[in-house]
Amino acid sequence: MSTREQQVLDRIDRARRSRARVKDELITMAHGAGGKATHTLIEAIFLEAFRNPLLEPLDDQAVFAVTAPRLAFTTDSYVVSPLFFPGGDIGDLAVNGTVNDLAMSGARPLYLSAAFILEEGFPVADLTRITRSMARAAATAGVQIVTGDTKVVERGKADGCYINTAGVGALEHPFTLGAAQARPGDAVLVSGPIGDHGTTIMLARGELGIESDVVSDTAPLGGLVATLLAAADGVRCLRDATRGGVATILNEVARASDVAIVIDETAIPVRPEVRGAAEILGIDPLYVACEGRMVVVVDGAQADTALTALRSHPLGDQAAIIGRIAVDPPGLVLLRTEFGGTRIVDVLIGDPLPRIC
Amino acid sequence: MCLGIPGEIIELLTGQPDLARVSVSGVKRAINIGLLSEEDLQPGDWILIHVGFALSKIDEAEAKAAMEFLEGIGLAYEEEIAALRESRID
Amino acid sequence: MRFVDEYRDADKAQVLAAQIAGLCEPGRHYKFMEVCGGHTHTIYKHGLEDYLPENITLVHGPGCPVCVIPMGRVDDAIHIASQPDVIMTSFGDMMRVPGGNGSFLDANAAGADIRMVYSPLDALKIARDNPSKRVVFMAIGFETTAPSTAMTVLRAAAEGMENFSIFCNHVTIIPAVKAILDSPDLRLDGFIGPGHVSTVIGCRPYDFIASQYGKPLVVAGFEPLDILQSIYMILLQLKEGRCEIENQYARVVPWDGNHKALQVISETMELRPYFEWRGLGVISHSALRVRESYATFDAERLFALPGVRVADPKACQCGEVLKGVLKPWECKVFGTACTPETPIGTCMVSSEGACAAYYNFGRFTRTRVEQAVKGAIS
């Protein structure tokens, strides 16, 4: 082989080893076809953002050992519109949402999968932004994204980008947390102001013409849960108050545990702007989604300990005790209003729609 | 019927007819004030908002009077209770 | 929030409640109607009935613009929305209201483009942004909302818009109240008058209620203390043998209403000879339509409407509930066949309909709820 030929071969070899770069500005059907373009996309965007030893072999699966006696396993799909909103984007939402579903069992979140359904024509720059945001969220939550998938669908068959994440977490404690565990006398807490995320999304769609400084509360709650469980015994149930808001979670607990829940309107933390938006639109913040808040049901005797523990953590510094579990009427959530009256807080029918009347 | 919310005028939007920026608990929206063209609206005025329109200028004096009435009832009530208590002691 | 929080004060409520109890004659039962669905919503949302003695009953009136839209009109709107290149727009309240063949949400699922807007002006903006589409605004509401629609039509006319029209379903409150007053099976002691309608029409149109029917009416605001104070004012009238129209909501409602608002309504709209109300039947001169001079903005003229009258389901007793003859739970289908998820009747449709409000917020007996709350808090 001539020196000249060797030089050329070396150059090709270097090029093959060098970092993959996506030169296209928009996602094309080729990026989902499994060939060179798919490979480049995976290496240049996903591996680049999520890089870790379990992902790096790019095999069909991640293989790992677990020592915990029990595992928690969950999945969730993210289709939020708009993809980017004040305080976050679909990327950190997809990580935090699944991390939180794991954390609500008391598990320590370990590994996530990430599957993307991209619409033909989706900007590569947006995808890069989303994956970087996922990587940051994963680092904050202390989890690794270890396996994934990408599909591209024709223009018009999806709304830009959908993400599914699944996750596993290690359950190192022996107790079972759940909606059916509440008992009369227990206290009900929320970990912070409610309704920020749902309000942000509603306003970010721009159709309502309302401006505000509200930002999404999307955050990973694993650390807050660990702090709480380390400090307080008698935690019965943890639920992140996503779709349907705090009211829906409380109804689920009331039904599953066959107890009444009585909450105090004046004790529920709601930011003034969230309240303002809710008043304008005629909706109730109790039904508006959060993405970084949880409802805690804990033994009544441990309520203050739990509150102190939550407030010691930056994600729980505005936590509050909002109510108690009672016996009668079973399956119902009651609200003592600011005005001093009482009413039922029922399950929401459909989406909260703005009302004029 | 007819959800109406009080909001405070932050600024009158010049260049656009009949529009003002209004704040409701820190949340802001452009509101059409064309139905109040007979009022001399200024920033700091409070209006009642319904479906993006200002329907009425809130009358601060009337609001104050109503509150005083409510507080007056309260006062009279407390005095009555106090008098009742005293009469029982006697 | 200013002009909101101070009217939700529990201490002042206690005091007013004591005064109200003191004004009630022993052994007498009082029935007051809150005409407006917004009041119904406030009453349930804040648990206001907890402050009322047992001998005061609040009857929830017909003032819910969504509830009174007859099913045939919903069908007509969906018919318009199903025409080529049409974007239909309406308030969020309308989206779930069932017609004879489903609701707007159902129509969307079947391929229509029906969008929710916050303001009629937003519908006009959609028309501006979509010049190749015909944008129709489903206008609903009483005199409170009609001026906003009228202003929007005037704006569309000023801009020379050619792809914007309204499907006018505005109704007027006085004929509905009169229909209720004329119904033979009704016994009311007074009215809590609709506050926001009155910002537009003022307080004078109610004079006949006092002078001809001998019932007091107090125009009331929408915070719970407003309503409690209005009940106090009605009771005081009864006690002192007066029968008048009074204005509790003077901070918002001028006695003579909003002249400009009335003027833009009459510029663009005129009374219909008659209109069907869900639950109440046909009432003459009770609704508005677009005037001939603005015909190019009138969806009723632009689209051929089926206009088929759909009878209210037989089992439904909404008419009786709206007139206050029946309490929501006394209806045969309440909570069984008719729920907020699958509403049969008008009152279950909107969150401010009497039945939906009662179902969502009030379903349990007062005493049982009070005991539970006391037990949990002490």
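No hydrogens, no waters, no symmetry mates; every other heavy atom, side chains included, goes into these values. To find a chain, count down the sequence lines: A is the first, B the second, and so on, and within it residues start at 1.
Between Glu71(B) and Lys12(C) there is a salt bridge, with a side-chain nitrogen of the basic residue lying less than 4.0 Å from a carboxylate oxygen of the acidic one. Ion pairing between Lys260(C) and Glu39(B) fails under the 4.0 Å rule for side-chain N and carboxylate O.
The side-chain contact (heavy atoms from CB on, under 4.5 Å) with Leu55(B) is formed by just one residue from the set Val200(C), Val252(C), Thr145(C); it is Val200(C).
Inter-residue side-chain proximity for Ile58(B) and Phe3(C) is flagged as met; some heavy-atom pair is nearer than 4.5 Å. No side-chain heavy atom of Ser56(B) sits under 4.5 Å from any side-chain heavy atom of Val253(C). Taking the side chain as every heavy atom from C-beta outward, Glu8(B) and Arg2(C) never approach each other to under 4.5 Å.
Neither the backbone nor the side chain of Asp9(C) comes within contact range of chain B; no heavy atoms are under 4.5 Å apart. Only the side chain of Gln229(C) comes within contact range of chain B, judged by heavy atoms closer than 4.5 Å. Residue Lys64(B): no heavy atom, backbone or side chain, is found under 4.5 Å from chain C.
Here the closest heavy-atom approach between residue Phe53(B) and residue Ser119(C) is recorded as CE1-OG, 3.9 Å. Smallest separation of non-hydrogen atoms from Ala63(B) and Tyr7(C): O-OH, 3.7 Å. Across all non-hydrogen atoms, the minimal contact from His196(C) to Leu3(B) is ND1-C, 4.3 Å.
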Go through the steps to decide whether Tyr249(C) and Glu62(B) satisfy the test side chain to side chain contact (heavy atoms under 4.5 Å, CB included), and finish with yes or no.
-> CA-CA 9 Å; Tyr249(C) 200 27; Glu62(B) 288 286 358; over 6 Å; no

Test side chain to side chain contact (heavy atoms under 4.5 Å, CB included) applied to Phe91(C) and Val51(B), step by step = CA-CA 9 Å; Phe91(C) 298 127; Val51(B) 300; 3.5 Å; yes

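Residue Lys57(B) holds its NZ atom at 15.5 Å from OG1 of Thr199(C), rounded to the nearest 0.5 Å. One distance of note links CG of Leu16(C) with CG of Leu70(B); it measures 5.5 Å at 0.5 Å rounding. Taking CZ of Phe222(C) as the start and CG of Leu48(B) as the end, the distance is 9.0 Å to the nearest 0.5 Å. Between the CZ atom in Arg251(C) and the CG atom in Asp59(B) there is a gap of 11.0 Å [rounded to 0.5 Å].
Note: Ser148(C) leads Ala150(C), Ala250(C), Ser148(C) in heavy-atom pairs under 4.5 Å with chain B.
Remark: side-chain polar atoms of Asn258(C) are paired, donor with acceptor, to backbone N or O of Leu35(B) under 3.5 angstrom.
In this pair, Tyr232(C) and Phe69(B) present their aromatic rings tilted. The plane angle is within the 30 to 60° band.
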